[in-house]
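Down below is the structure, laid out as structure tokens.
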Protein chains: 2
Amino acid sequence: MSVTPKARGRHHHGDLRRALLDAVAEIVQESGPEAVTLRECARRAGVSHSAATPHFGDKRGLMTAFATEQSQRLREAMEAAVAALPAEAHPAEHLAATGRGYMAFVRDNPAHFRLMFRTDLIDTADPAWAEASSRARDPLDTAMRALVPGADDRAMRARLALAWAGVHGFCTLRAEAPRSDLWYPPPREAEVAEDLLALLLAACATDPCA
Amino acid sequence: MSVTPKARGRHHHGDLRRALLDAVAEIVQESGPEAVTLRECARRAGVSHSAATPHFGDKRGLMTAFATEQSQRLREAMEAAVAALPAEAHPAEHLAATGRGYMAFVRDNPAHFRLMFRTDLIDTADPAWAEASSRARDPLDTAMRALVPGADDRAMRARLALAWAGVHGFCTLRAEAPRSDLWYPPPREAEVAEDLLALLLAACATDPCA
DNA sequence: CTTGGATCTGACCATTGTCAAGTTGAATCG
DNA sequence: CGATTCAACTTGACAATGGTCAGATCCAAG
């Protein structure tokens with residue numbers, strides 16, 4: 001709560017921008033994306049409710065900045081999972097690792113994930129967000145291209161769509177599940193995730209010309 | 001806008017419950033789930049701002065009733081797609097038709113679909129909603145069981161998860177796409193959907209014991 | 001020390017959801 | 001047929017939110 005002593009260049013607050021983004025993370029984790037209010041963020045940062053305006057413009061700007069950060073973290077999670085593989089790993093392992101990285105991120109940050117896709121709360125015209133969102137698709141993209149190098153555009157599109165939809169859909173359903181009780185309970189969850197990935201890999205690796 | 005002349009048993013309004021649900025549908029279609037307010041619904045129905053209370057309790061009650069209706073419509077769309085098949089259709093055709101019914105519903109009602117999965121706006125403890133949501137999974141379930149009758153529990157779970165996540169994930173991404181520009185443009189959309197279904201069917205139909 | 005500009009405060013407004021209390025009107029009962 | 005009853009609806013009020021704006025405040029450069 002106390003002002004960070006470094007106060008690097010900032011006038012009153014140590015780093016209000018950071019503090020507000022952290023407040024968003026806190027609230028999202030505690031009570032979900034819809035519980036985030038500008039005033040509560042300001043309260044947690046110890047500032048007045050309109051202190052955020054110079055930094056983020058309005059609430060949507062704050063949410064967009066937060067979502068942008070999370071998109072970067074998601075991409076880094078996937079890249080880290082791939083980087084942890086042995087050098088001689090098969091392309092299929094790369095794709096699987098990418099999927100596991102995605103799923104692990106959402107398992108550990110379900111509320112952050114839900115916020116990232118609340119396109120009503122974020123400014124989709126923001127260039128930084130657009131780039132972060134776009135780059136978050138790169139790991140899956142490159143892994144898939146390495147797995148099926150001979151596929152033509154259409155076959156590649158179909159495989160990317162299936163992989164993306166399958167992993168994303170799984171995560172979406174799981175992230176909503178605690179509230180709706182319509183998905184697999186936690187013990188089964190890991191098993192189902194692995195089996196789903198295996199089916200997905202088999203489907204994508206089949207010869208597209210067959 | 002005028003009161004329906006029948007006025008079947010209702011006191012003041014012809015059928016306020018129906019009128020309010022229709023207002024939700026209108027607003028959701030025009031401006032998305034987050035634009036729905038109790039007061040605007042009441043305005044469109046031509047009643048006072050708290051007229052909804054006796055019928056739905058609070059806003060969440062109204063949203064829940066609406067989501068319940070949409071879940072039923074979604075299930076009916078899938079059942080209709082299966083029923084339109086020739087009697088001798090292969091089980092794989094049943095599964096594909098189920099997926100097509102799901103996708104067609106979301107293509108035609110993207111905003112309604114988005115609302116259905118906004119578990120923060122609906123009361124997931126409502127028994128009617130829970131039953132409608134549960135029954136909406138039946139068509140996919142039965143089609144899958146018919147396609148892979150020999151699969152054990154684990155293999156069946158994995159296939160159901162993949163099919164459900166794949167179709168649902170595809171629809172989720174598409175329903176958000178108009179706002180985020182991160183999915184395929186409409187001309188490709190139908191093609192990608194068909195190819196995705198084909199990959200999905202192939203993945204699910206493979207012998208689970210192989 | 002002065003000046004400038006970024007940073008933050010406090011107050012205002014419109015809007016929302018919810019609640020309590022009143023009003024209406026249709027159906028029921030004597 | 002008239003009085004009663006009860007749910008449907010209206011009215012008015014409340015707290016909370018987001019956005020905006022004038023102005024106070026503070027840091028840093030000159």
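A quick note: this is a predicted structure, and the numbers were derived from the prediction, not measured. In what follows, chains are A, B, ... by sequence order, proteins preceding strands, each numbered from 1.
There is a side-chain donor-acceptor pair under 3.5 Å between A:Gln70 and A:Arg73.
For the pair B:Phe170 and B:Tyr102, the minimum side-chain heavy-atom distance is 4.5 Å or more.
Shown for residues 115-124 of chain A: no residue has heavy atoms falling under 4.0 angstrom of DNA chain C. Residues from residues 59-67 of chain B placing a heavy atom under 4.0 Å of any atom in DNA chain C, listed by number, are B:Lys59.
Residue B:Ile27 contributes atom CD1, which lies 13 Å from atom C1' of C:dT16 at whole-angstrom precision. Per the geometry, NE2 belonging to A:His49 stands 9 Å off C1' belonging to C:dT9, to the nearest Å. Look at CG on A:Asp58: it is 17 Å from P on D:dT17, rounded to the nearest Å. Between B:Arg39 atom CZ and D:dC14 atom P there is a gap of 14 Å when expressed in whole angstrom units. Here C:dT16 presents its P atom at 14 Å from CD of B:Glu34, a figure rounded to the nearest Å.
Aromatic ring centres of B:His112 and B:Phe117 lie farther apart than the 6.0 Å criterion allows. Residues A:Trp129 and A:Phe66 keep their aromatic ring centres 6.0 Å or farther apart.
Within the nucleic acid shown, B:Thr53 has no heavy atom closer than 4.0 Å to any nucleic acid atom.
Residue A:Arg43 places at least one side-chain N or O under 4.0 Å from the OP1 or OP2 atom of D:dT17.
The stretch residues 31-54 of chain A participates, sequence neighbours left out, in no ring-ring contact (aromatic ring centres under 6.0 Å, His included) pair at all.
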